There are 2 protein chains.
Amino acid sequence: MPKVGMEPVRRKALVDAAMRVIGDHGSLTVTMSEIAKQAGVSPALAHHYFGSKEQLLIETVRVHLQRLRDSVVTALRKAKTPREKLSAVIRVSFQADQFAPETIAAWLAFYAEAQRSEETRRFLVIYARRLHSNLVANLKALCSASDAARIAEGAAAMIDGLYIRQGLGSAPISTEASIALTEDYLTTNLNALKG
Amino acid sequence: MPKVGMEPVRRKALVDAAMRVIGDHGSLTVTMSEIAKQAGVSPALAHHYFGSKEQLLIETVRVHLQRLRDSVVTALRKAKTPREKLSAVIRVSFQADQFAPETIAAWLAFYAEAQRSEETRRFLVIYARRLHSNLVANLKALCSASDAARIAEGAAAMIDGLYIRQGLGSAPISTEASIALTEDYLTTNLNALKG
DNA sequence: TATTTTTGATTGACTGATCAATCAATAAAA
DNA sequence: TTTTATTGATTGATCAGTCAATCAAAAATA
């Protein structure tokens, strides 16, 4: 079996498996065995590459936030005007894979974990700040800095809130409806300033 | 020691202890021992009264949501006009004890748990629906039913989002700022309809 | 009132299961 | 042969849940 150069392959497989298992389970109290099984390796190998369960979970957060970031960067590049860039940021937040119930469940679990794990919190804070600053940067082209800060705060909260409510699955909102609500928030606020 | 009629006293103590320990710990992976210790009783007694850890946690959610509901009812009674009632609902959501970091951490943990525990989800869904319907009921007095539904959806999402972001502690927002943002959302939307 | 019986409250000690983490051993490439 | 990949077996710790025993108040009885 042992071919050389498996490390990056296994790491990716384990990180992906962790996300899937955590999403299905809706909690971080998943066993290394489950994750390893999902990745098609032994639990011992997971420990070999990550050292500990905690480290694997932290890596899982890091990698998935990195991917999210890449999506945002790509979407921002495609958009031309500030208003289009704002829409792009919103759209990525609600894109299909992010809005899947298991993905939401996983993020929810990580948000809870951030209460305990300093490193997990650090990554989530970086993400939150980036979202905020992307919004502010483009809003500034359309209104004053102080208004931009306020609107960005509200929009970010709304995005996160729509997420958590989607996770509950009480009143399942479609991707389009979520985007529409957030877009509407921006539009209404910007119009109110003009008028 | 044994005085008769301790059951309700112990149940309350354990439910309160659970909330505190979960909040401090930022997770539901707390031991019955910790909870019992915090409540000043033995772990065995916790099992005696609640049967299982899961049942204690479910009771904890139920009791605390009930208290939240009572707060809302009281606040609604004091408010006169629909617009005042909307403000009352918002204010209760962000009232001091609800906005404390440990309380937020606990709710976050329960939201995550709702992915697994049918009963926990049921209670949280009931709360979400009630928040929504309180908002809709009073908005209807100020705008059309369809606008009311939309605005309520946005406001509820914003409230939940401000919560989760507060929990992260990245950009700590004050109670007043959170209330202001949500109020502003309502006002701006209602004005946009009039204008 | 004094004594006995009953019952609710309470716990220490124990058990069985689970799980993260370790390690020594194996197998295949280099 | 040395290095890298991989796992089965094992360990040690943790914890939910159980149980038999204790203690003291209350209720019944004398």
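Values below: every heavy atom of this structure, side chains too, minus hydrogens, waters and symmetry copies. By convention in this document, chain letters (A, B, ...) are assigned in the order of the sequence lines, proteins followed by strands, and residues within each chain are numbered from 1. Predicted, not measured: the structure shown is a model, and the values here were computed from it.
- A:Arg122 has no carboxylate O lying under 4.0 Å from a charged side-chain N of A:Glu118, or vice versa, which leaves the two without a salt bridge.
- Side-chain atoms of A:Leu45 lie closest to D:dT7 of the nucleotides C:dA20, D:dT7, C:dT11.
- Looking at A:Arg83 and A:Asn138, their side chains never bring a donor and an acceptor atom within 3.5 Å of each other.
- Defined by atom type and a distance below 3.5 Å, a donor-acceptor pair is missing between the side-chain atoms of A:Asp184 and A:Thr187.
- A straight line from CE of B:Met32 to C1' of C:dT10 spans 15 Å, rounded to a whole angstrom.
- Look at CZ on B:Arg11: it is 16 Å from C1' on C:dT10, rounded to the nearest Å.
- Between the NZ atom of B:Lys37 and the P atom of C:dT10 there is a distance of 19 Å, rounded to whole Å.
- When rounded to the nearest whole Å, the span between CE of B:Met6 and C1' of C:dT11 equals 14 Å.
- Contact annotation for A:Ser42: base contact, defined as any heavy-atom pair under 4.0 Å involving a base atom.
- No contact: B:Val9 has no heavy atom under 4.0 Å from any strand.
- Toward the 5′ end of DNA chain C lies the nearest nucleotide of B:Ala46, the other residue of the pair A:His48 and B:Ala46 mapping further downstream.
- Considering only side-chain atoms of B:His47, the nucleotide from C:dT11, D:dG17, C:dA20 that sits closest is D:dG17.
- Judged purely by distance below 3.5 Å, without hydrogens or angles, the side chains of A:Glu84 and A:Ser87 never pair a donor atom with an acceptor atom.
- We find that CZ of B:Phe50 is positioned 16 Å from C1' of D:dA16, with the value rounded to whole Å.
- Contact between the side-chain N/O atoms of B:Arg10 and the OP1/OP2 oxygens of C:dT10 is found at a separation under 4.0 Å.
- Backbone-only contact: B:Tyr49 has heavy atoms under 4.0 Å from sugar-phosphate atoms and none from a base.
- Summarising the geometry, the separation between CD on A:Glu7 and P on D:dT3 is reported as 17 Å, rounded to the nearest angstrom.
- Summarising the geometry, the separation between NZ on A:Lys53 and P on D:dT14 is reported as 15 Å, rounded to the nearest angstrom.
- Using cut-offs of 30° and 60° for the angle between ring planes, the B:Tyr185 and A:Tyr185 rings count as tilted.
- Mapped onto DNA chain C by nearest heavy atom, A:Ser33 and A:Ala44 fall at different nucleotides, with A:Ser33 at the one closer to the 5' end.
- Among the nucleotides D:dA16, C:dT11, D:dA5, the one closest to the side chain of B:Val41 is C:dT11.
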